[in-house]
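One structure is given below, encoded as structure tokens.
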Amino acid sequence: MMIAGKSMREWLDSFPLLEQIRRYEPVHWLNPEVQGEQLNSKTVNKKDIAEAAERWQRFAPLLIKLFPELSENNGIIESPLRKLDNYKNAYLTDVLGEESNFYLKCDHLLPVAGSIKARGGMYEVLKHAETLALQAGLLTEGDNYQVLASKKSRQFFNNHSIGVGSTGNLALSIGIIGTALGFHVDVHMSSDAKQWKKDLLRQHGANVHEYRGDFSEAITAGREKTLQNPSAYFIDDEDSKDLFLGYSVAAAELQKQLEAEGIAVNEQHPLVVYLPCGVGGAPGGIAYGLKQLFGEHVHCFFVEPTHSPSVLIGLLTGLDEQVSVQDFGLDNRTAADGLAVGRPSSFASAISRYTVSGIYTENDQVFYQLGYQLVQSEELFVEPSAAAGLSGPKRLQKMKQSLLKKAKSATHIAWSTGGSLVPEAEREKIYQKGKRFSE
């Protein structure tokens, strides 16, 4: 089999790490191209991030109107930063010293959509709605955006549809906000998507189309079907600047929270962030935003399943979205459904190549164990995929890189991604699996 003009043997000779990856072994990779300074990409820049933050502010009154629970936070979609002292003391004392801090950025508690995808998915839907409304004269500069919740606006949006391919959480964020505004929402879901997520989407009024294949098949079919409709708009998780920008604003949110905690980020006290990674858009956007704020003093690591290391293979080989995990014989099957992606985002990969410090992989058993440990120590539940970053400090120790010299005085943050909307019966199943794997 030839991959981008080379035989499998040639690829394995060029990148020996692929041998371990093909055997589903947990691996780690340090990025030789990561830049310490603030990255100025050709496709996205600091001005774009600032404009995205301003757009969120403009939509705050509308979000309060649509989701009254947001009134407590003035319509802003934010998640708490929680210090995990119990978890650190129970599981990380051998790798983290007293001077270091370990936190969980709780995006599983993001309001409305209950996952990290609320940042990107909701943002792109809102931006699309804004564009349509301005073009139609339903909205003018300076208006209170609550006008977009009016009967007239809903009737207008009802003549338009939104399509998306997803394993679950992105679909939920787009389905919830899209139907709330009045759009027809068509969600194209892969076979590994959880049934409860499909059921919840249908409850909100979204049309769910199911596929026997994986994420790549679902997103390809969804893209093709959506583009056939002139009044439809496709949100492309493999190639979307707006999704990326929606995620990137989380960096400024985290900066404020660190300042509130009295935590400095500098050469003596670096920031190390562990981000679960599927197609790469969410962790890529966050990493880019963090690099803009902290430059060489922040180190972002992506975490992927051993069966679905799409971003790792893309960056390692330099092929980015031109290669899939299946090309190298992997099955792309994992209990971490939000990370079950065979091919990385083309848009995010081009930027993450210079922002991510490294990538490591874990197997499903570890994901379940980490989630169980979090419940035991902190009484916090997250999806298996959302627990991925909790092993970050231990994996960092194995990487034996120069950052380790300062890791003892670093602030470590595991970024959770989903879990608050998981039904109780499903939570119990996940918990019991984690318990069995931990015994």
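Numbers for residues simply follow the sequence, beginning at 1.
Interatomic distance, OH of Tyr103 versus CD1 of Ile413, reported as 8.0 Å (0.5 Å rounding). With rounding to the nearest 0.5 angstrom, the CD atom of Gln255 is 10.5 Å from the CG atom of Leu271. Atom CG of Leu380 and atom CG of Leu104 lie 6.5 Å apart (nearest 0.5 Å). A distance of 10.5 Å separates CG of Asp85 from OG of Ser377, quoted to the nearest 0.5 Å. Distance CG/Leu330 to NE2/His307: 8.0 Å, rounded to 0.5 Å.
For Glu379, the CD atom sits in a loose shell: 12 or fewer heavy atoms of surrounding residues, nucleotides or ligands are nearer than 6.0 Å. Around atom CZ of Phe328, more than 12 heavy atoms belonging to other residues, nucleotides or ligands sit under 6.0 Å away. Within a 6.0 Å sphere centred on NZ of Lys433, heavy atoms belonging to other residues, nucleotides or ligands number 12 at most. No more than 12 heavy atoms of other residues, nucleotides or ligands lie within 6.0 Å of CZ in Arg333, so this atom counts as exposed by the packing criterion.
Each of Gln195, Lys197, Gln203 was evaluated against Asp199; a single residue qualifies, Gln195, per the side-chain hydrogen bond (donor to acceptor under 3.5 Å, both in side chains) test. Between His412 and the options Val272, Leu390, Asn101, a side chain to side chain contact (heavy atoms under 4.5 Å, CB included) holds for only Val272.
In this structure, Ser115 and Leu110 have side chains that are not in contact, with every pair of non-hydrogen atoms separated by 4.5 Å or more. In this structure the side chain of Leu132 reaches within 4.5 angstrom of the side chain of Phe183, judged on heavy atoms. In this structure, Phe301 and His299 have side chains that are in contact, with non-hydrogen atoms separated by less than 4.5 Å. Between Glu362 and Pro305 there is no side-chain heavy-atom pair separated by less than 4.5 Å. In this structure, the side chains of Leu200 and Leu172 come closer than 4.5 Å at one or more pairs of heavy atoms. With a 4.5 Å cut-off on side-chain heavy atoms, Phe234 and Ile219 count as touching.
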Tyr274 and Cys300: side chain to side chain contact (heavy atoms under 4.5 Å, CB included), yes or no, with the steps? CA-CA 6 Å; Tyr274 310 100; Cys300 298; over 6 Å; no
Kindly determine whether Gln432 and Glu428 satisfy side-chain hydrogen bond (donor to acceptor under 3.5 Å, both in side chains), including the steps that lead there. CA-CA 6 Å; Gln432 290 301 330; Glu428 183 61 22; 2.7 Å; yes
Using the rule given for side chain to side chain contact (heavy atoms under 4.5 Å, CB included), can you reason through Val356 versus Leu275, listing the C-alpha separation, both sets of side-chain angles and the distance that settles it, and then say yes or no? CA-CA 10 Å; Val356 62; Leu275 295 145; over 6 Å; no
Gln326/Asp214 under side-chain hydrogen bond (donor to acceptor under 3.5 Å, both in side chains): CA gap, chis, key distance, verdict: CA-CA 11 Å; Gln326 290 93 337; Asp214 65 5; 2.6 Å; yes
Worked check of side chain to side chain contact (heavy atoms under 4.5 Å, CB included) between Ile49 and Gln292: CA-CA 10 Å; Ile49 297 176; Gln292 291 296 331; 4.1 Å; yes
Take Lys256 and Glu259 through the test salt bridge (charged side-chain N to carboxylate O under 4.0 Å, His left out) and record every step on the way to the result. CA-CA 5 Å; Lys256 292 179 182 177; Glu259 290 174 351; over 6 Å; no
Does the pair Ile286 and Ile116 meet the rule for a side chain to side chain contact (heavy atoms under 4.5 Å, CB included), with working shown? CA-CA 10 Å; Ile286 292 169; Ile116 192 172; 3.6 Å; yes
Please evaluate residues Glu124 and Ser240 with respect to the criterion side-chain hydrogen bond (donor to acceptor under 3.5 Å, both in side chains), reporting the C-alpha separation (whole Å), side-chain torsions for both, the decisive distance (0.1 Å), and the verdict. CA-CA 9 Å; Glu124 184 156 356; Ser240 173; 2.6 Å; yes
Go through Asp364 and Thr334 one step at a time and tell me if the side-chain hydrogen bond (donor to acceptor under 3.5 Å, both in side chains) criterion holds. CA-CA 6 Å; Asp364 284 359; Thr334 171; 2.6 Å; yes
For Glu253 and Lys105: C-alpha separation, side-chain torsions, deciding distance, then whether salt bridge (charged side-chain N to carboxylate O under 4.0 Å, His left out) applies. CA-CA 10 Å; Glu253 175 187 323; Lys105 183 62 173 132; 2.5 Å; yes
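Ion pair Glu130/Lys127 not flagged as a salt bridge, since none of the NZ, NE, NH1 or NH2 atoms sits closer than 4.0 Å to an Asp/Glu carboxylate oxygen. Salt-bridge annotation for Glu217 and Arg212: absent, with no side-chain N of the basic residue lying under 4.0 Å from a carboxylate O of the acidic one. The pair Arg343-Glu321 fails the salt-bridge criterion, with no side-chain N (NZ, NE, NH1 or NH2) lying under 4.0 Å from an Asp/Glu carboxylate O. Taking the charged nitrogens against the carboxylate oxygens, Glu378 and Arg82 do have a contact shorter than 4.0 Å, which makes a salt bridge. One finds no salt bridge joining Lys225 and Asp186 here, because no Lys/Arg side-chain nitrogen approaches an Asp/Glu carboxylate oxygen to under 4.0 Å. Using a cut-off of 4.0 Å between Lys/Arg side-chain N and Asp/Glu carboxylate O, Glu210 and Lys198 are scored as salt-bridged.
Without hydrogens or angle criteria, Ser345 side chain to Glu238 main chain gives a donor-acceptor distance under 3.5 Å. Using modelled atom types, one side-chain atom of Ser420 and one backbone atom of His108 make a donor-acceptor pair closer than 3.5 Å. In terms of modelled atom types and a separation under 3.5 Å, the side chain of Lys88 and the main chain of Ser100 share a donor-acceptor contact. Arg119 contributes no side-chain N or O that, together with a main-chain N or O of Ala250, makes up a donor-acceptor pair within less than 3.5 Å. A distance-only check finds a donor-acceptor pair linking the side chain of Arg395 to the backbone of Val27 [under 3.5 Å]. A donor-acceptor pair under 3.5 Å is formed between the side chain of Tyr360 and the backbone N or O of Gly392. Between the Ser349 side chain and the Asp320 main chain, no donor and acceptor come within less than 3.5 Å of each other. Under a 3.5 Å cut-off, the side chain of Glu304 and the backbone N or O of Val311 do form a donor-acceptor pair. Judged purely by atom type and a 3.5 angstrom limit, Asn266 uses its side chain to pair as donor or acceptor with the backbone of His269. Formation of a donor-acceptor pair under 3.5 Å by the Ser153 side chain with backbone atoms of Ala149 is not found in this model.
Residues satisfying the salt bridge (Lys or Arg N to Asp or Glu O under 4.0 Å) test with Asp48, not counting sequence neighbours, are Lys241. Not counting sequence neighbours, the partners of His209 by the ring pair (Phe, Tyr, Trp, His ring centres under 6.0 Å) test are His188.
Counting all heavy atoms, side chain and backbone alike, Ala387 lies closest to Leu370 at O-CD1, 3.4 Å.
Using the six-membered ring where Trp is involved, His128 and Tyr233 have ring planes that are parallel, under 30° apart on the 30 and 60° scheme. The aromatic rings of Trp56 and Tyr123 sit tilted relative to each other, their planes meeting at an angle between 30° and 60°. In this structure, Tyr372 and Tyr431 have tilted ring planes: the angle between them lies in the 30° to 60° band.
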In a table with atom names and distances, give each donor-acceptor pair under 3.5 Å that connects a side chain of residues 59-74 to protein atoms at least two apart or in another chain.
unit_1: Ser71; atom_1: OG; unit_2: Pro68; atom_2: O; d: 2.8
unit_1: Asn73; atom_1: ND2; unit_2: Ile76; atom_2: O; d: 3.0

